[in-house]
Amino acid sequence: MALPRLVLLGKQGAGKGTQAARLGEYYGVLHLSTGEIFRAQAAQGTAFGLEAKRYMDEGELVPDEIVIGVIEEALAPGGPLEDGFVLDGFPRTLHQAQELDRVLDGRQLDLAINLDVPRGIVLDRLAGRRVCENCQRVYHVNMPPEVDWTCDTCGGRVVQRDDDTEEAIDRRLQLYEEQTVPIIDYYREHGMLAQVNGVGEGDDVFKRLVKVVDARRCR
Ligand SMILES: [Zn+2]
């Protein structure tokens, strides 16, 4: 059976990165976030990869046409995503979803999976998040370091990031929903959408994901 081509959609805090990595490992395909694709392509010295890296190094948002260029290079013959992939963090806009179909150039995307977790639940997860200032290790108010908000790994101070306040998170989630509804509609119209309940233990969520992917591949 051909290797799967999957897109994983989901809010920040929905556990998307972890599940995308597990899916990639399970199906033997690369799982890459856009940031990782940019770095990989820059390391290969591709034109768009180097351009994307320049924006990232300056802490700027990578413009749409460069994001799409990098994806196109990575999907091209000989590129790391040629045969199969789990994309995480791309597409982020309807335009990017349409461009992904264009650069796939006849190769079918198997499935776009929306990992669905209600806003209230991710808000709780993210608002309770605490991060080591030094090594960026992530903790949670329900799972703090052993000693007085001092990092177990490096001894750094464990704090709440400025952009992890409830208000800031709520704003990010609202923006995400506004951007994502058109993408979800687009994949639904093209018969490529699966909705998967992302609430519960990681292992249970993973089993639900494999079930929809396998059902799709065994048509
Ligand atoms: Zn640390």
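From a predicted model like this one, the values you see are computed outputs, not experimental measurements.
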Peer 1: Please check if the number of heavy atoms outside Leu61 that lie under 6.0 Å from its CG is greater than 12.
Peer 2: no
Peer 1: Salt bridge between Arg54 and Glu51, side-chain N to carboxylate O under 4.0 Å?
Peer 2: yes
Peer 1: Looking at CG of Leu111 and CG of Leu193, how far apart are the two atoms once the value is rounded to the nearest 0.5 Å?
Peer 2: 7.5 Å
Peer 1: Sequence neighbours left out, what pairs pass side chain to side chain donor-acceptor pair (under 3.5 Å) with at least one residue falling in residues 146-158?
Peer 2: Glu133-Arg157, Arg137-Thr153
Peer 1: Given the side-chain rings of Phe38 and Tyr55, with only the six-membered ring counted for Trp, is the space between their centroids under 6.0 Å?
Peer 2: no
Peer 1: Do Pro80 and Gln41 come within less than 4.5 Å of each other through their side chains, counting heavy atoms only?
Peer 2: yes
Peer 1: Transitive ILVMFWY cluster of Val181 at side-chain heavy atoms under 4.5 Å: who else is in it?
Peer 2: none
Peer 1: Atom CD1 of Ile169 and atom CD of Gln174: how far apart are they, to the nearest 0.5 Å?
Peer 2: 14.0 Å
Peer 1: Verify salt bridge (charged side-chain N to carboxylate O under 4.0 Å, His left out) between Arg119 and Asp170, making sure each step is shown before the conclusion.
Peer 2: CA-CA 8 Å; Arg119 188 149 148 192; Asp170 202 47; 3.2 Å; yes
Peer 1: Can you tell me how far the OG1 atom of Thr46 sits from the NZ atom of Lys53, to the nearest 0.5 Å?
Peer 2: 12.0 Å
Peer 1: Rounded to the nearest 0.5 Å, how far does CD of Glu201 lie from NZ of Lys207?
Peer 2: 10.0 Å
Peer 1: Sub-3.5 Å donor-acceptor pair from the side chain of Asn197 to the main-chain atoms of Val199, do we have one?
Peer 2: yes
Peer 1: Is it true that Leu109 and Leu32 fall in one hydrophobic cluster, defined by side-chain heavy atoms closer than 4.5 Å?
Peer 2: yes
Peer 1: For Thr93 and Gln179, does a side-chain donor sit closer than 3.5 Å to a side-chain acceptor?
Peer 2: no
Peer 1: Can you give me the closest heavy-atom contact between Val70 and Gly49, atom names plus distance?
Peer 2: CG2-N, 3.9 Å
Peer 1: Which pairs pass side chain to side chain donor-acceptor pair (under 3.5 Å) with one or both residues in residues 121-132, sequence neighbours excluded?
Peer 2: Arg129-Asp164
Peer 1: Quick one: does Met192's side chain get under 4.5 Å of Asp101's, heavy atoms only?
Peer 2: yes
Peer 1: Measure across Phe90 and Leu87 and return the closest heavy-atom pair with its distance rounded to 0.1 Å.
Peer 2: O-CB, 3.6 Å
Peer 1: Does Glu177 reach the side chain of Thr180, with side-chain heavy atoms less than 4.5 Å apart?
Peer 2: no
Peer 1: Are Leu9 and Val196 grouped together when hydrophobic residues (ILVMFWY) are joined by side-chain heavy atoms under 4.5 angstrom apart?
Peer 2: no
Peer 1: So which heavy atom on Lys11 is nearest to which on Val117, and how close?
Peer 2: NZ-O, 2.7 Å
Peer 1: Tell me whether Leu3 is reachable from Val7 by hopping between hydrophobic residues (I, L, V, M, F, W, Y) whose side-chain heavy atoms are closer than 4.5 Å.
Peer 2: no
Peer 1: Any side-chain heavy-atom pair from Ile71 and Phe48 closer than 4.5 angstrom?
Peer 2: no
Peer 1: Glu73 versus Gln44: any side-chain heavy-atom pair under 4.5 Å?
Peer 2: no
Peer 1: Could you give me the CA-CA distance, side-chain angles and deciding distance for Leu30 and Ile37, then say whether side chain to side chain contact (heavy atoms under 4.5 Å, CB included) is met?
Peer 2: CA-CA 10 Å; Leu30 273 184; Ile37 296 173; over 6 Å; no
Peer 1: Start with the C-alpha distance between Ile184 and Gln195, add both sets of side-chain angles, then the distance that settles side chain to side chain contact (heavy atoms under 4.5 Å, CB included), and finish with yes or no.
Peer 2: CA-CA 9 Å; Ile184 289 175; Gln195 297 274 12; 4.2 Å; yes
Peer 1: Side chains of Asn134 and Cys151, heavy atoms from C-beta outward: is any pair under 4.5 Å?
Peer 2: no
Peer 1: Quick check on Asp57: does its CG atom have over 12 non-hydrogen neighbours (other residues, nucleotides or ligands) under 6.0 Å away?
Peer 2: yes
Peer 1: Minimum heavy-atom separation for Ile66 and Val62, please, with both atom names.
Peer 2: CG2-CG1, 3.7 Å
Peer 1: Under the side chain to side chain donor-acceptor pair (under 3.5 Å) test, which residues partner Thr34, sequence neighbours left out?
Peer 2: none
Peer 1: Do Arg102 and Glu99 meet the salt-bridge criterion of a basic N to acidic O distance under 4.0 Å?
Peer 2: yes
Peer 1: Do the side chains of Leu6 and Ile183 join up, straight or via other hydrophobic residues, at under 4.5 Å, putting them in one cluster?
Peer 2: no
Peer 1: What closest approach, in Å, do Ala21 and His31 show between heavy atoms, and which atom pair accounts for it?
Peer 2: CA-ND1, 3.5 Å
Peer 1: With a 3.5 Å cut-off and no angle check, do the side chains of Glu36 and Ser33 form a donor-acceptor pair?
Peer 2: yes
Peer 1: Could you walk me through whether Met56 and Arg39 pass the side chain to side chain contact (heavy atoms under 4.5 Å, CB included) test, one step at a time?
Peer 2: CA-CA 9 Å; Met56 288 207 304; Arg39 276 185 285 275; 3.9 Å; yes
Peer 1: What verdict does the side chain to side chain contact (heavy atoms under 4.5 Å, CB included) test give for Val210 and Leu23, after you've listed the backbone C-alpha separation in whole Å, the side-chain angles of each residue and the deciding distance to 0.1 Å?
Peer 2: CA-CA 8 Å; Val210 168; Leu23 283 172; 4.3 Å; yes
Peer 1: Side-chain contact, heavy-atom cut-off 4.5 Å: Val158 with Pro144?
Peer 2: no
Peer 1: Tell me whether Val141 is reachable from Leu126 by hopping between hydrophobic residues (I, L, V, M, F, W, Y) whose side-chain heavy atoms are closer than 4.5 Å.
Peer 2: no
Peer 1: Hey, is CD on Glu25 packed in by over 12 heavy atoms from elsewhere, all under 6.0 Å?
Peer 2: no
Peer 1: Looking only at heavy atoms, what is the nearest atom pair of Val86 and Val29, with distance?
Peer 2: CG2-CG2, 3.9 Å
Peer 1: Strictly by ring pair (Phe, Tyr, Trp, His ring centres under 6.0 Å), give each pair with a member in residues 156-198 just once, sequence neighbours left out.
Peer 2: Tyr186-His190
Peer 1: Measure the CD-CG distance between Glu166 and Leu123 for me, rounded to the nearest 0.5 Å.
Peer 2: 4.5 Å
Peer 1: Going by atom types only, do Asp110 and Tyr27 share a side-chain donor-acceptor pair under 3.5 Å?
Peer 2: no
Peer 1: Pairs under 3.5 angstrom only: tabulate donor-acceptor contacts from the side chains of residues 12-20 to other protein residues two or more places apart or in another chain.
Peer 2:
from: Gln12; atom 1: OE1; to: Arg172; atom 2: NE; distance (Å): 2.9
from: Gln12; atom 1: OE1; to: Arg172; atom 2: NH2; distance (Å): 3.1
from: Lys16; atom 1: NZ; to: Asp88; atom 2: OD1; distance (Å): 2.8
from: Gln19; atom 1: NE2; to: Gly202; atom 2: O; distance (Å): 3.1

Peer 1: Is it true that a side-chain atom of Arg92 and a backbone atom of Ala97 form a donor plus acceptor pair closer than 3.5 Å?
Peer 2: no
Peer 1: Kindly indicate whether the side chain of Val213, heavy atoms from C-beta on, has any atom under 4.5 Å from the side chain of Ile113.
Peer 2: yes
